Every structure is written in C-alpha cells, then in structure tokens.
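For reference, the structure discussed in these notes is given below.
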Amino acid sequence: MPAHKSVSVIGAGAWGTALADVAARAGRKVTLYARNAAHAAQIEATRANPKLPGVRLDPTITVTSDIATAADAEIILAATPAQHLRAAVIHVAPHIKPRTPVIACAKGIEHGTHRFMTEVIAEAAPQSVPAILSGPSFADDVARGLPTAVTLAAQDETVAISLVQALGSATFRPYHTSDVRGVEIGGAAKNVLAIAAGIVVGRDLGASALAALTTRGFSELARFGRACGARTETLAGLSGLGDLLLSCSTAQSRNFALGIALGRGEAAPSGKLAEGAFTAPVLVELAASRQIDMPVSRAVAAILAHKLTIDDAIEGLLTRPFKAEG
Ligand SMILES: NC(=O)C1=CN([C@@H]2O[C@H](COP(=O)(O)OP(=O)(O)OC[C@H]3O[C@@H](n4cnc5c(N)ncnc54)[C@H](OP(=O)(O)O)[C@@H]3O)[C@@H](O)[C@H]2O)C=CC1
Ligand SMILES: O=C(CO)COP(=O)(O)O
C-alpha cells in the first residue's frame, strides 16, 4: 500500500488534466488546480477540458482554483509550461507541508537563470522534495488509457520508488531513477531536436535524412547530458532516446508540428505550446558556456531567432567537416 494517498496537480492544461486522470486511475484522491476560477468551474461542471478535447475527467477528481485547497495533498505535480513553473511553485509553496514531493512535469530549462526544472522547484519551495517525471507520453494517449512508460526521478531513490507506487498503473508505467539531471535534460533537449526533425519532414528531405537527424540529435543530447553529469543509461532510456524517438516521428508532437510548418514556410500552428522554441536559446547558451558542440540545436535556435534561413542551416549542417562518429 503506497504511503501517499492524495495528489494535487497544479496547471489544468492538457498534461495536467491527463496526469490528474492517471493519479485517479492509480487510486489516489486527486485535486486539479486551474488558476482561472471560471476555467476551474467549467471543468468541474462539464468534466471536460477544452485543452484535452474528447477526454472525460475521472468522476472522483475535484477541480479548484483555490491554491490552499490544492496544496493540501501528499504529492504535488507541477504541470505548467517550463517558463511558468517558478511562478506556479512560488504560489503554492507557502501552503505545502514540509518534505512534500513536488514533481516537475514540464520539459524545459528556465530562461535567464539557466535552471533545470528541479532546481527551480528547490529554489521556489525550499521545504519541498523536488522530483521529475518525463518520458514518451502524449497527454491524449495517457488520458485515453493507452499504454505508456515514463521515468520518474528523485535524488533519493526511495522517494522515487514511493512516487512510482503512488502514480503507476497497468497503463501508466513509471520507471524510477535517482538520475534527476539525466531525466530533465532528455525532456528539455528532445523538444528542440523535434523541431529540427519536423523541419526535415516539412522540407521533404526524406526518411533517410530524418533518421540521420534524429540519430545525430541524440548524439548531441547525450554529449550535453554527460557533460552535465547525467548517466548514459538515462539518456538512452525513456526520458531521453525514448521521448526523442516519439517526438521526432509524429505530428502529434507540437514541436515536430512546428518544425513541419517552418520547413514548409508556413505559419506556426496557433495556440499550441511548443516548448522547444523556448528551450532552444537557453540550451544553446548552456552548451556554449560548457564548450559542448550542439550543431542541430544551434541551427534550430538561429532559425527561430530569424538569424539563419532554413536553407542556410541545412547547407551548414551538410558541409560540416567529416569526422569520427560519436
Ligand atoms: N501535452 C503533452 O502531451 C505533454 C506535455 N508535457 C509538458 O507539460 C508542460 C505543460 O504542457 P501542456 O499541459 O501540454 O500545456 P497547455 O498549454 O495545454 O497547458 C498549460 C497550462 O498551464 C497553466 N498555467 C500556466 N501558468 C500557470 C501558473 N502560474 N499556475 C497555474 N497554472 C498555470 C495554463 O493555465 P491558463 O489556461 O490559465 O493559461 C494552462 O492550463 C510542458 O512543459 C510540456 O512540455 C509533457 C508531456 C506530455
Ligand atoms: O513531451 C511530449 C511527449 O512525450 C509532448 O510532445 P510535444 O510537447 O511536442 O507535443
């Protein structure tokens, strides 16, 4: 019997709503927090969230816009976009009990501070126990109960194990690890690389080019991860390679879809969060500060900043000197 009975999810977007369902399915008492009172009331009344169309909220989930009510839980899942994580955790922090696990569910790196997601939580809620959940899992698949597997990391592996026990079910299978840094780097970097993969598809460069881009993308993700102290097995696991493969293979990924639009010279899909667009400049800054070569991510950041055309970026990548693989 898991020790944690109650779970609150901060952020009622697509992912927060899917995770609330996951926790309810695992038998927890679940509260979903929407910062907008009208949105909270609408979700509570209709049992549906326009951010996750076609999904019915588990009947046992309570929806609230009251942060003190949301904070009264044994586990907090923080499911806002990465650049909003600090504000969300600062808001809930005064109300949470000491040593409450706060699990980052966002994939990104904070602008300005260059902080990874669990570092943001540690600063915003110093009395909490930060953790991170990441891996190949679309909100829609998860909410519909399709089988998914993710990685759940906390510095203390026994904490990670207890969180897995509290959230896991037959169709949502978290694997535990203490390699927090590895998990947060995989989730952040794969979004940037998914934009590049989408560009390859949008430009009709062919399936061989897509495989080459994805593989070279993984090579730079792993290079960056190892330089930051991540373990190779984590980078090659669900939250690294696994999520990269998912996000570089289907337009169900918003980052991949953004890349396709860019590659075709079309406008970005409107109203869709593509975290990679926010992560790209920070990832490139961090890599440069550590002298880590990330040519694909650098090209994505330059394209998004309108400093490089797509054709010039492709030519630049294709005319790099030949070298040993690695
Ligand atoms: N969607 C997916 O399939 C997956 C998403 N993720 C990650 O989850 C994160 C969120 O993505 P997703 O849910 O899809 O995004 P959405 O755009 O669907 O939703 C984001 C939600 O965050 C809320 N929010 C923003 N700031 C705050 C705040 N300060 N306090 C409380 N709520 C806040 C927004 O509220 P409001 O409506 O009021 O603006 C909105 O409901 C991203 O980092 C993404 O990479 C990870 C795995 C899968
Ligand atoms: O992280 C995700 C799947 O694991 C969701 O991907 P997108 O944010 O690109 O839609």
Side-chain angles (χ1 to χ4, degrees), residues 80-87 89-90 104 106-124 126 130 132 134 151 153 155 177-197 199 213-237 239-241 243-244 247-248 255 258-259 274-308 312-313 316-317 319-321 323-326:
T80 68
Q83 305 308 323
H84 296 256
L85 179 66
R86 186 178 293 271
V89 177
I90 284 175
K107 296 176 178 175
I109 304 170
E110 194 175 53
H111 275 210
T113 63
H114 291 181
R115 294 280 190 268
F116 295 107
M117 296 293 91
T118 60
E119 294 179 319
V120 171
I121 292 173
E123 288 178 3
I132 181 149
S134 195
T151 310
Q155 233 155 44
T177 178
S178 58
D179 186 6
V180 170
R181 191 52 38 83
V183 174
E184 45 202 355
I185 285 176
K190 71 87 189 172
N191 282 333
V192 178
L193 299 165
I195 295 175
I199 291 174
L213 186 284
T214 308
T215 311
R216 293 311 299 163
F218 176 66
S219 165
E220 68 182 55
L221 178 158
R223 194 156 53 239
F224 179 74
R226 283 193 301 269
C228 296
R231 288 182 220 144
T232 301
E233 64 265 29
T234 312
L235 299 167
S239 57
L241 181 60
D243 210 355
L244 180 71
S247 306
C248 290
N255 289 284
L258 168 62
E275 284 283 31
F278 299 97
T279 305
V282 201
L283 181 64
V284 165
E285 281 164 27
L286 262 176
S289 71
R290 290 165 185 259
Q291 278 100 45
I292 301 156
D293 193 25
M294 300 190 78
V296 176
S297 303
R298 220 169 40 237
V300 170
I303 289 167
L304 292 168
H306 305 290
K307 291 184 178 153
L308 191 64
D312 286 346
L317 287 171
T319 54
R320 281 164 58 82
K323 54 178 234 178
E325 192 171 29

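Residue numbers count from 1 along this sequence. Since the model is a prediction, treat every value here as computed from it, not as a measurement.
Rounding to the nearest 0.5 Å places CZ of Arg216 at 12.5 Å from CG of Leu221. One finds the OG1 atom of Thr279 at 6.0 Å from the CD1 atom of Ile109 (value rounded to the nearest 0.5 Å). Taken to the nearest 0.5 Å, the CG atom of Asn191 stands 7.0 Å off from the CG atom of Asp243. Atom CD1 of Ile303 sits about 5.5 Å away from atom CG of Leu308, to the nearest 0.5 Å. With rounding to the nearest 0.5 angstrom, the OG1 atom of Thr118 is 10.0 Å from the CD atom of Glu123. Note that CG of Leu213 is 7.5 Å distant from CG of Leu317, once rounded to the nearest 0.5 Å.
Crowding of Gln83 atom CD: a count of heavy atoms from other residues, nucleotides or ligands under 6.0 Å exceeding 12. Heavy-atom neighbours of Phe218 CZ from other residues, nucleotides or ligands within 6.0 Å: above the threshold of 12.
The side-chain heavy atoms of Glu325 and Ser219, taken from C-beta on, include no pair separated by under 4.5 Å.
Across all non-hydrogen atoms, the minimal contact from Thr151 to Thr177 is CG2-CG2, 3.5 Å. Here the shortest heavy-atom pairing between Leu193 and Cys248 reads O-SG, 4.0 Å. Gly276 approaches Leu304 most closely through the heavy-atom pair O-CD1, 4.5 Å. Scanning all heavy atoms of the two residues, the minimum distance from Ile121 to Pro130 falls at CG2-CB, 3.9 Å. Of all heavy-atom pairs between Ser134 and Ser239, the closest is O-CB, 3.7 Å. Nearest heavy-atom pair across Lys190 and Ser247 is NZ-OG, 3.0 Å.
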Before you tell me yes or no, could you show the steps for Thr113 and Glu119 under side chain to side chain contact (heavy atoms under 4.5 Å, CB included), namely the whole-Å CA-CA distance, both residues' side-chain angles and the distance that decides it to 0.1 Å?
CA-CA 10 Å; Thr113 63; Glu119 294 179 319; over 6 Å; no
Going through the checks in order, is the side chain to side chain contact (heavy atoms under 4.5 Å, CB included) test met by Arg320 and Asp293?
CA-CA 12 Å; Arg320 281 164 58 82; Asp293 193 25; 3.0 Å; yes
Test side chain to side chain contact (heavy atoms under 4.5 Å, CB included) on His114 and Val282; report intermediate values, then the result.
CA-CA 6 Å; His114 291 181; Val282 201; 3.4 Å; yes
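A donor-acceptor pair is defined here as one N or O able to donate and one able to accept, closer than 3.5 Å; no such pair exists between the side chain of Glu110 and the backbone of Val120. Side-chain N or O atoms of Arg290 include none that pairs as donor or acceptor with a backbone N or O of Phe224 at under 3.5 Å. A donor-acceptor contact shorter than 3.5 Å links the side chain of Asp179 to the backbone of Arg231. Not a single donor-acceptor pair under 3.5 Å links the side chain of Glu184 to the backbone N or O of Ile132. Listed for the Glu275 side chain is a donor-acceptor partner under 3.5 Å among the backbone atoms of Ala82.
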